[in-house]
Amino acid sequence: METSRNPRRRTLVLLTALAATLSLTATACGGDSAAGTQTADGKAKITVLRSNGAVFEPLYIAEQQGYFKDAGLDVTIKAGAQDTSQNAPSVLNGEAQFAMTDSSGFLKGAASGMGIRIVTGLQSATTKTDPTDGLLVKKDSKITSFKDLEDKTVGISALGGTIQFICEYLTQKAGGDPSKIKFVALPTTSLTDAAKSGKTDAVFSFGPFYFAAKDSGLRSIGNGMNDLPGMVQGLLFASQKYLSANSDTAKKFTDAVAKAITYADAHPAAVKAIDKKYTQVDASFIDAHDISYYDKNLNRTMMRTVIAKMHEFGLLDTEPKDADVYWDQAPVVTQ
């Protein structure tokens with residue numbers, strides 16, 4: 001079990017050192033992460049690293065519906081790192097051209113000076129669907145709002161990431177002091193037991209684990225990430241070097257993903273079929289629940305709020321500028 005209020009310093013130092021090492025390695029080996037390759041019949045070859053959990057469904061839909069093929073792309077979809085923020089090295093050294101992560105995973109890399117940019121969103125928090133994540137406590141707990149988390153222990157799946165940020169943000173919004181929360185990192189599969197046994201005062205869970213926890217008797221507080229509508233939960237990024245050298249190919253790729261997002265929102269059965277094939281979630285659970293809402297748009301206003309608050313909470317050392325966050329052809333909107 002890992003315990004920390006402020007784990008970002010070590011993480012950012014490691015990311016910065018890793019970026020420098022990758023740059024030196026590519027130079028020494030003559031590597032070029034911007035180099036685009038083609039198949040024998042002229043299709044641009046692309047490798048994209050997906051998450052291991054969810055939100056990757058539009059990628060497989062683009063493959064199944066022929067959107068990538070129609071765009072002249074030969075796309076290989078691979079499972080990336082368990083911690084999606086660690087997909088950046090593969091993008092920087094050219095092993096992959098695009099990769100998935102979430103807001104905090106990307107922002108940590110951008111803040112540490114990695115030359116990466118968001119090319120499109122995949123999913124953002126929205127009030128269009130019921131919560132699929134949230135804070136959970138025992139039914140008889142005296143915790144009734146995020147403000148009550150002061151001087152309490154909260155179990156989360158990883159320190160310093162999106163979930164810790166959500167807890168701190170909503171605690172501050174409720175009038176509490178987020179610096180007084182003690183966070184502990186636990187395996188996602190152990191969160192429910194931690195709350196029920198009293199090992200933690202609360203946990204923040206998500207997806208099937210969130211629903212299973214509620215079914216087991218835990219009580220939810222608030223609406224999870226839905227209380228921050230517009231916060232990007234899933235995105236695709238690439239290296240700026242690759243984008244500068246292959247902007248046409250990148251645009252074809254993001255356009256194909258955009259078509260797939262539209263298809264996914266209109267065809268829940270297709271999404272559920274992908275989940276049954278590529279996740280370990282029970283098929284009956286998949287059938288019993290609605291799909292998430294996919295969205296390519298990147299809400300600049302909410303992202304700027306996330307950046308400022310992550311910096312305030314000590315989760316980022318610096319606040320990256322928009323030019324260091326978005327590709328110049330990314331679907332950025334201001335709301």
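Only heavy atoms go into these numbers, but all of them, side chains included; no hydrogens, no water, no symmetry mates. Nothing fancy with the numbering, it's 1 onward along the sequence.
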Main chain of [Y], side chain of [X]: is a donor-acceptor contact present, judged purely on distance under 3.5 Å?
{"X": "D70", "Y": "Y67", "answer": "no"}
{"X": "R219", "Y": "D140", "answer": "no"}
{"X": "R117", "Y": "A323", "answer": "yes"}
{"X": "D102", "Y": "Q233", "answer": "no"}
{"X": "T305", "Y": "T301", "answer": "yes"}
{"X": "N52", "Y": "A79", "answer": "no"}
{"X": "N226", "Y": "T126", "answer": "yes"}
{"X": "E150", "Y": "D177", "answer": "yes"}

(request) May I ask you to check whether Y278 and R50 show a side-chain donor-acceptor distance below 3.5 Å? (result) no

(request) Would you tell me whether K45 and Q97 have side-chain atoms, one donor and one acceptor, within less than 3.5 Å of each other? (result) no

(request) Please check if atom NZ in K276 has more than 12 non-hydrogen atoms from other residues, nucleotides or ligands closer than 6.0 Å. (result) yes

Evaluate the side-chain proximity of [Y] to [X]: yes if any heavy-atom separation is below 4.5 Å, no if none is.
{"X": "L186", "Y": "K199", "value": "yes"}
{"X": "I118", "Y": "L236", "value": "no"}
{"X": "D322", "Y": "V332", "value": "no"}
{"X": "V232", "Y": "L298", "value": "yes"}
{"X": "K251", "Y": "W327", "value": "yes"}
{"X": "Y294", "Y": "E57", "value": "yes"}
{"X": "T132", "Y": "M225", "value": "no"}
{"X": "L122", "Y": "M100", "value": "yes"}

Nearest 0.5 angstrom please: [X] [atom1] to [Y] [atom2], how far?
{"X": "K147", "Y": "T171", "atom1": "NZ", "atom2": "OG1", "result": "10.0 Å"}
{"X": "F146", "Y": "L170", "atom1": "CZ", "atom2": "CG", "result": "4.5 Å"}
{"X": "L315", "Y": "S104", "atom1": "CG", "atom2": "OG", "result": "8.0 Å"}
{"X": "I181", "Y": "Q172", "atom1": "CD1", "atom2": "CD", "result": "10.5 Å"}

(request) Could you walk me through whether K196 and L218 pass the side chain to side chain contact (heavy atoms under 4.5 Å, CB included) test, one step at a time? (result) CA-CA 7 Å; K196 296 182 74 172; L218 293 185; 3.6 Å; yes

(request) May I ask you to check whether F98 and Y242 place their ring centers less than 6.0 Å from one another? (result)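 Between F98 and Y242, the centre distance is under 6.0 Å.
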
(request) For residues F165 and Y169, establish whether the separation of their ring centroids is below 6.0 Å. (result) yes

(message) Do I261 and I77 sit in one hydrophobic cluster, given that two such residues count as connected whenever their side-chain heavy atoms are within less than 4.5 Å of each other, even indirectly?
(response) yes

(request) Test side chain to side chain contact (heavy atoms under 4.5 Å, CB included) on I116 and L92 and set out the steps. (result) CA-CA 8 Å; I116 52 178; L92 290 169; 4.0 Å; yes

(request) Check each of L136, V154, D148 against I143 using the side-chain contact (heavy atoms from CB on, under 4.5 Å) test, and report the only one that passes. (result)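 Result: among L136, V154, D148, D148 is the only option passing the side-chain contact (heavy atoms from CB on, under 4.5 Å) with I143.
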
